[in-house]
Amino acid sequence: KMLHNQKDTLEALVTERTQELYQSRLDVVQRLGKAAEYKDEETGNHILRVSNSSALIARTLGWAERDVELIYNAAPMHDIGKIGVPDNILLKPGKLDDVEWRIMQTHTIIGAELLQGDTSDLLSMAREIAISHHEKWDGSGYPYGLKGKDIPESGRIVAAADVFDALTSERPYKRAWAIDDALNLLREGTGQHFDPEVVEAFFHNLDEILSYRNEHK
């Protein structure tokens with residue numbers, strides 16, 4: 001009985017320690033995500049909205065609940081690489097020239113490099129999203145020009161969630177789009193920019209996405 005109790009105690013300690021390690025990684029992810037947003041956003045609400053939309057889409061696509069939680073917590077890191085982009089480019093009030101645009105595109109590579117070296121599921125997915133969320137379904141995206149299902153599904157999900165929220169948010173270089181105009185762009189980009197199944201899942205959750213958006217403007 002004493003050995004049995006000792007085994008239960010050890011298992012409880014291992015579980016507790018594992019949860020502490022996960023929570024510490026999660027804290028790092030959230031704080032670094034906020035650091036990136038402070039360079040590019042008025043508030044950190046953009047990452048909250050993208051995380052929520054990504055989780056809703058993933059659940060509709062049939063992801064296990066554990067993986068839904070992972071993408072919710074990893075999505076805030078999608079633009080962490082912007083920390084390495086000069087402010088005169090990141091905050092330029094106007095269209096970027098060709099050289100500036102190439103520099104801007106490097107934020108995907110920078111983000112992946114910042115997140116590499118940790119084998120946890122959380123940071124592995126965060127790295128996957130950071131490097132792939134600007135790839136496009138038809139292969140015209142960056143940084144590698146991946147096409148279709150060669151793009152990690154996490155990146156395809158965050159791509160749709162991020163584009164919609166970015167379009168409907170005011171930035172230093174543009175005014176916010178109307179909701180209907182942004183939704184039309186998602187429809188028109190289906191099969192080109194966006195995974196058709198991801199867009200379908202986005203619209204399946206549209207009411208909840210818009211409700212959450214109104215609560216976190």
Side-chain angles (χ1 to χ4, degrees), residues 18-19 21-37 40-41 43-82 108 111-112 114-115 118-137 141 149 151-169 179 182-183 185-187 189-190 193-217:
T18 300
Q19 183 58 37
L21 288 171
Y22 179 82
Q23 188 61 46
S24 68
R25 288 189 173 101
L26 181 56
D27 288 342
V28 170
V29 164
Q30 292 173 339
R31 292 172 188 276
L32 286 175
K34 286 181 180 180
E37 290 304 313
D40 191 37
E41 309 288 336
T43 72
N45 281 351
H46 169 69
I47 60 175
L48 292 177
R49 295 190 297 262
V50 170
S51 293
N52 180 70
S53 298
S54 297
L56 291 171
I57 293 168
R59 185 175 290 116
T60 298
L61 291 174
W63 283 33
E65 201 57 35
R66 178 181 179 277
D67 294 329
V68 170
E69 181 182 356
L70 275 179
I71 197 170
Y72 179 84
N73 290 319
M77 299 294 282
H78 66 280
D79 276 338
I80 183 61
K82 286 184 176 179
T108 55
L114 285 170
L115 295 166
D118 189 301
T119 59
S120 70
D121 290 344
L122 177 61
L123 288 180
S124 293
M125 183 176 287
R127 181 182 185 278
E128 183 179 81
I129 290 169
I131 202 166
S132 67
H133 72 287
H134 283 294
E135 300 286 2
K136 295 183 179 181
W137 186 254
K149 293 193 175 181
I151 305 167
E153 190 171 33
S154 62
R156 286 180 264 143
I157 290 171
V158 173
D162 182 42
V163 166
F164 173 76
D165 197 80
L167 289 176
T168 54
S169 302
I179 296 290
L183 293 175
L185 184 138
L186 283 180
R187 292 187 185 97
T190 300
H193 188 155
F194 307 109
D195 177 348
E197 293 180 357
V198 168
V199 174
E200 183 179 352
F202 179 96
F203 278 97
H204 177 81
N205 292 284
L206 182 58
D207 288 345
E208 192 166 349
I209 288 170
L210 294 180
S211 176
Y212 189 89
R213 176 178 181 75
N214 287 333
E215 294 171 7
H216 297 83
K217 289 184 178 179

By salt bridge (charged side-chain N to carboxylate O under 4.0 Å, His left out) - contacts of D195 (at least two apart) = R156
Enumerate the residue pairs fulfilling side-chain hydrogen bond (donor to acceptor under 3.5 Å, both in side chains) with a member in residues 199-211, sequence neighbours excluded, ordered by first and then second residue.
-> T60-N205
State the CD-CD1 distance between E197 and I57, to the nearest 0.5 angstrom.
-> 12.5 Å
Not counting sequence neighbours, which residues clear side-chain contact (heavy atoms from CB on, under 4.5 Å) with S132? List them please.
-> E135, I151, P152
Approximate separation, where rounding is to 0.5 Å, of T190 OG1 and L185 CG | 9.5 Å
Can you measure from CG (L70) to CE (M125) and round to the nearest 0.5 angstrom?
-> 5.0 Å
One should read off an interatomic distance between M77 CE and E128 CD, to the nearest 0.5 angstrom, of 14.0 Å
Closest heavy-atom pair and its distance - A112, R127 = O-NE, 3.3 Å
Name all residues meeting the side-chain contact (heavy atoms from CB on, under 4.5 Å) criterion together with L114; count only those two or more places apart in sequence or in a different chain, and write none if there are none.
-> I80, I110
Looking at side-chain heavy atoms only, is the closest gap between S54 and H78 below 4.5 Å?
-> no
Would you name the heavy atoms of D162 and H133 that are closest together and state the gap between them?
-> OD2-CD2, 3.8 Å
Residues in salt bridge (charged side-chain N to carboxylate O under 4.0 Å, His left out) with R187, at least two apart?
-> none
H134 side chain near D79 side chain, heavy-atom distance below 4.5 Å = yes
Side chains of W137 and V198 in contact at under 4.5 Å (non-hydrogen atoms) = no
Do H46 and D165 meet the criterion of a side-chain donor-acceptor pair at a distance under 3.5 Å?
-> yes
Got a sec, which residues hit side-chain contact (heavy atoms from CB on, under 4.5 Å) with I179, two or more places apart in sequence or on another chain?
-> F164, T168, L183, L210, R213
With rounding to the nearest 0.5 Å, note down the distance linking CG in L61 to CZ in F202.
-> 12.5 Å
Quick one: does D67's side chain get under 4.5 Å of I71's, heavy atoms only?
-> no
Gap between atom CG of L48 and atom OH of Y212 - 0.5 Å precision = 4.5 Å
Write down the atom of Y72, the atom of S51, and the distance for their closest heavy-atom approach.
-> O-OG, 3.2 Å
Heavy atoms only: give me the nearest V68-A55 pair and the separation to one decimal.
-> CG1-O, 3.6 Å
